[in-house]
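These notes are about the structure you will find just below.
In what follows, every chain begins at residue 1, and chains take the letters A, B, ... in the order their sequences are listed. Since this is a predicted model, take the numbers as computed values, not measurements.
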2 protein chains.
Amino acid sequence: MTGDSSYKDKKVITIGTVCELTGLSERQIRYYEERQLIFPERSKGKNRKYSFNDIETLMKIANLIEDGVQTYEIRQEMKREKQDAERAAREEMRQGQINARFGIQNNTHRYKR
Amino acid sequence: MTGDSSYKDKKVITIGTVCELTGLSERQIRYYEERQLIFPERSKGKNRKYSFNDIETLMKIANLIEDGVQTYEIRQEMKREKQDAERAAREEMRQGQINARFGIQNNTHRYKR
DNA sequence: CGTGTAAGGAATTCTGACACG
DNA sequence: CGTGTAAGGAATTCTGACACG
């Protein structure tokens, strides 16, 4: 529930395919990387690899740019979102530990008195 | 429920990446295509594009080949599986139509008498 | 600031074929 | 039958830079 781990995050798509999927030019995609909005991986041959998640991010970026939002602002916004997500993750984790102790007790550690 | 439509079936991965993901050689992957075991799409430049689903199929194929199963037999088996799936889909569809008529009735079409 | 483009090189992929077994 | 390989070409991708605005 907290981490797809599935296909969505696997960096396997080359830039040409990303162009087709997003309608953006290579130049644009590379520029958004330069501005720290996306973070493709690199294969041996130095080729960029993107995930489906990256593609979704790119579509959002494209919309914002069209609306006149600057890359710097987009970056700030994304940073904020990431922090919120982390906060939520930490909170969930904390709840999980509380449940482990009180909620879903396991009977194996009872003192025999 | 009957058709992911999601990332798993999108043909976006180039053969080099498929090699990395499956551990197979380009030669092997192309040969399995020649034997009609997988069906990549082609991009403008004639480059093959595979889906995550194709990759899973390739892993299964690799195992079977290792076990000495011939491509022809694998093909027969896959054909059979596909037909089973289609049969199941038809059956589900039929049930859906029955439900539409009797199960989940909508009240909008009552005669006023 | 965001994007287009020409430039030259490097890595990727393609096809058809010969080889072994 | 399944796979490796050398061959030559075509398409892809990369980087750094100049340009416009």
query = Looking at Arg30(A) and Glu33(A), does any basic side-chain N land under 4.0 Å from a carboxylate oxygen?
reply = no
request  = Could you tell me whether Glu91(B) and Arg94(B) have a side-chain N and a carboxylate O separated by less than 4.0 Å?
outcome  = yes
Whole-Å distance separating the [atom1] atom of [X] from the [atom2] atom of [N]:
X: Glu66(B); N: dG2(D); atom1: CD; atom2: P; result: 14 Å
X: Leu58(B); N: dT3(D); atom1: CG; atom2: P; result: 11 Å
X: Asn63(A); N: dG2(C); atom1: CG; atom2: P; result: 16 Å
X: Glu34(B); N: dG4(D); atom1: CD; atom2: C1'; result: 14 Å

message = I need the Ile74(A) CD1 to Leu37(A) CG distance, nearest 0.5 Å.
response = 6.0 Å
From Arg42(A) atom CZ to Lys44(A) atom NZ, the distance as rounded to the nearest 0.5 Å = 15.0 Å
ask   = For Tyr31(B) and dT3(D), is the shortest distance between a side-chain N/O and OP1 or OP2 below 4.0 Å?
value = no
request  = Check the surroundings of atom OH in Tyr72(B): do more than 12 heavy atoms from other residues, nucleotides or ligands lie under 6.0 Å from it?
outcome  = no
Donor-acceptor contact present, side-chain Lys11(A) to main-chain Asp54(A), <3.5 Å = no
Closest nucleotide among dG2(C), dG4(D), dG2(D) to the Arg27(B) side chain = dG4(D)
query = Given the rule that a pair is Watson-Crick or G-U wobble with both distances under 3.5 Å, how would you write DNA chain D in dot-bracket, using | for pairs to a different strand?
reply = .||||.||.|.|.||.||||.
What N/O pairs connect the protein and nucleotides 10-14 of chain C at under 3.5 Å? Give each pair on its own line.
from, atom 1, to, atom 2, distance (Å)
dT13(C), OP1, Thr14(B), OG1, 3.1
dT13(C), OP1, Gly16(B), N, 3.1
dT13(C), OP2, Gly16(B), N, 3.3
dC14(C), OP1, Arg48(B), N, 2.7
dC14(C), OP1, Arg48(B), NE, 3.0
dC14(C), OP2, Arg30(B), NE, 3.2
dC14(C), OP2, Arg30(B), NH2, 3.0

query = Ring centroid separation for Phe52(B) and Tyr7(A), is it under 6.0 angstrom?
reply = yes
query = Quick one: does Glu56(A)'s side chain get under 4.5 Å of Lys8(A)'s, heavy atoms only?
reply = yes
